[in-house]
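A quick write-up on the structure given underneath.
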Amino acid sequence: MPKLELHNLNKTYNPQVIPVKDVSVGVDEGEFLTLLGPSGCGKSTLLRLIAGLEQPTRGKVVLSGRDVTKVRPGDRNIAMVFQSYALYPHMTVYENIAAGLKLRKISTEEIRQRVQEVVGKLGLEHLMDRKPGQMSGGQRQRVALGRALVRKPDVFLLDEPLSNLDALLREQVRADLKQLFATQKAPVVYVTHDQTEAMTLSTKVAVLFEGDVQQLDEPQRIYTQPANQFVAGFVGSPQMNLLTLSCQGNHALLGEFKISLPNLAQVPPQIVLGIRPEDVSFAKPEDQQTIQGRIFLVENLGMQNLISVRVKGSDSITIRALLPLNLTWSEEEVTLAIPPQSIHWFDVKTGDRIANRPD
Ligand SMILES: Nc1ncnc2c1ncn2[C@@H]1O[C@H](COP(=O)(O)OP(=O)(O)OP(=O)(O)O)[C@@H](O)[C@H]1O
Ligand SMILES: [Mg+2]
């Protein structure tokens with residue numbers, strides 16, 4: 001039985017706002033579940049439902065086999081870390097981390113031991129006597145994490161804990177987080193709209209859109225087998241090329257070129273072709289499926305060039321390809337390979353994935 005279970009959780013504020021729709025997920029010990037989705041999709045609301053800071057309209061939260069839906073937040077043994085740190089400004093690092101334990105009437109000696117252990121893990125030993133106002137954002141975030149870790153909770157809930165940090169620090173604390181939680185047994189539910197955090201930290205990712213779980217899967221499968229067009233477009237940077245194409249016989253028409261369709265019971269009038277920019281390359285003689293077009297934009301991303309190509313035979317279809325910097329071209333007219341095994345197909349109406357690619 002998973003440590004944390006969400007059963008058909010719903011939250012409605014009014015008929016127009018349904019931030020959480022029928023969410024059912026289990027999170028085991030040792031698992032790191034990330035709730036990933038755009039702003040306003042219901043991530044924080046879902047986390048607050050787990051913490052007990054909000055009551056669901058329907059459904060239940062089960063922790064260690066016990067229905068805690070009606071249990072007060074303070075009695076759930078959950079530790080939550082917010083984006084805003086929420087430290088006590090007048091207390092030192094030591095006091096901030098120890099505060100939650102003091103409320104629980106734990107002996108001074110045990111508190112000291114537990115704080116020392118956590119402070120060691122977080123590299124905060126030399127800052128024990130500082131107050132939050134005397135520390136950097138990254139250090140404050142570590143203290144907030146320390147306060148959660150010292151509690152030894154049944155589950156950790158983290159709501160965008162890195163979003164106040166600058167890009168470099170975020171990368172560093174992200175790596176620290178990964179190492180820290182690898183040694184924790186309690187499951188983690190982590191909220192972010194940052195796909196890199198979701199990909200690097202998680203054992204499981206739930207992609208949310210308008211309160212609905214679009215896909216619940218291992219991070220790699222979210223990337224290689226997106227369940228629908230939303231997930232395909234949300235995860236991956238640069239974004240996947242997503243093109244709505246007309247079908248003719250067993251082909252989709254991409255400009256003046258024919259792209260073979262997968263085996264379908266019935267060929268629809270239109271279909272969505274998805275291909276990631278890194279899967280498009282300059283064509284080699286042995287490539288079977290190629291298209292031609294004109295380069296109209298080159299963006300140097302540092303490690304690679306992102307080129308935008310207007311496909312021949314169309315004045316609106318653009319394909320973007322991610323190419324090594326050392327790959328040069330002599331003319332604007334280029335031939336690109338569109339490998340059949342790299343294509344994702346989606347239904348135009350529902351947005352659902354049509355055929356599976358090999359993993
Ligand atoms: N107390 C409330 N009353 C009414 N609507 C609310 C309330 N709290 C949140 N909402 C709405 O519920 C939806 C989901 O909000 P939520 O805060 O869960 O989004 P989020 O995914 O965490 O977004 P962000 O990434 O911006 O933090 C939003 O449309 C929001 O406006
Ligand atoms: Mg939020």
Side-chain angles (χ1 to χ4, degrees), residues 4 6-25 27 32-61 68-70 72-73 76 78-87 137 140-141 144-145 147-148 155-167 169-171 173-174 177 187-202 204-217 219 222 226-237 239 351:
L4 171 70
L6 310 181
H7 294 276
N8 305 98
L9 269 193
N10 279 268
K11 180 69 184 173
T12 312
Y13 288 113
N14 60 52
Q16 281 79 46
V17 185
I18 308 179
V20 174
K21 289 183 199 152
D22 223 26
V23 172
S24 296
V25 181
V27 199
F32 194 116
L33 169 71
T34 296
L35 308 175
L36 173 69
S39 185
C41 72
K43 305 180 294 293
S44 296
T45 307
L46 187 49
L47 212 63
R48 292 168 63 80
L49 289 173
I50 302 171
L53 299 168
E54 302 268 0
Q55 270 296 304
T57 311
R58 231 181 30 244
K60 60 181 181 180
V61 179
V68 294
T69 319
K70 297 270 176 348
R72 290 190 317 120
R76 293 191 183 193
I78 276 171
M80 195 156 170
V81 180
F82 300 93
Q83 172 184 354
S84 57
Y85 323 135
L87 301 177
R140 276 182 241 174
Q141 194 51 272
L145 282 169
R147 222 168 36 171
V155 51
F156 290 100
L157 305 178
L158 295 93
D159 194 348
E160 311 235 16
L162 308 186
S163 54
N164 273 350
L165 308 179
D166 68 46
L169 200 53
R170 204 175 329 163
E171 213 169 279
V173 182
R174 193 178 72 210
L177 270 181
V188 183
V189 184
Y190 185 96
V191 161
T192 184
H193 57 258
D194 182 319
Q195 47 164 309
T196 314
E197 282 172 31
M199 293 297 290
T200 51
L201 290 170
S202 325
K204 250 200 282 190
V205 178
V207 182
L208 285 174
F209 180 58
E210 294 182 347
D212 257 329
V213 176
Q214 306 289 313
Q215 185 169 1
L216 174 66
D217 230 326
I222 297 264
N228 59 35
Q229 209 180 316
F230 175 80
V231 177
F234 191 75
V235 178
S237 176
Q239 196 183 29

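Nothing fancy with the numbering, it's 1 onward along the sequence. When a ligand or atom number is given, it counts from 1 through the structure's own listing order.
The nearest N, O or S atom of Ser39 is not closer to the Mg ion (ligand 2) than 2.8 Å.
Looking at every heavy atom in both residues, Ala144 comes nearest to Val81 through O-CG2, 4.0 Å. Minimum heavy-atom separation, Thr69 to Lys60: OG1-CB, 3.1 Å. For the residue pair Val188 and Val27, the shortest heavy atom distance occurs at O-CG1, 4.3 Å. Nearest heavy atom pair, residue Thr192 against residue Ala198, reads CG2-N, 4.2 Å.
Of the protein's non-hydrogen atoms, Tyr13 CE1, 3.4 Å is the one closest to atom 10 (N) of ligand 1. Nearest non-hydrogen protein atom to atom 25 (O) of ligand 1 is Lys43 NZ, 2.8 Å. From the protein, the heavy atom lying nearest to atom 28 (C) of ligand 1 is Gly40 O, 3.8 Å. Looking at atom 15 (O) of ligand 1, its nearest protein heavy atom turns out to be Thr45 OG1, 3.6 Å.
Classification of the Tyr190-Phe32 ring pair by plane angle, with boundaries at 30° and 60°, yields tilted.
Within a 4.0 Å radius of atom 30 (C) of ligand 1, the protein contributes no heavy atom. Within the 4.0 Å cut-off (strictly below), a protein heavy atom is located near atom 5 (N) of ligand 1.
Residue-ligand proximity: Cys41 is placed with a non-hydrogen atom under 4.0 Å from ligand 1.
Under the 3.5 Å distance criterion, the side-chain polar atoms of Thr45 are left unmatched by any main-chain donor or acceptor of Pro19.
Counting only non-hydrogen atoms, the option in Ser39, Ser44, Pro19 that gets closest to atom 13 (C) of ligand 1 is Pro19.
Any N or O atom pair closer than 3.5 Å counts here, and His193 shares no such pair with ligand 1. For ligand 1, the polar-atom distance check finds no N/O of Val17 at less than 3.5 Å from any of the ligand's N/O atoms.
Of the listed residues (Asp194, Val191, Val235), just one forms a side-chain contact (heavy atoms from CB on, under 4.5 Å) with Leu36, and that residue is Val235. A side-chain contact (heavy atoms from CB on, under 4.5 Å) with Leu47 is found for exactly one of Leu158, Val189, Leu53, namely Val189.
Against a heavy-atom cut-off of under 4.0 Å, Glu160 is close to the following atoms of ligand 1: 25 (O).
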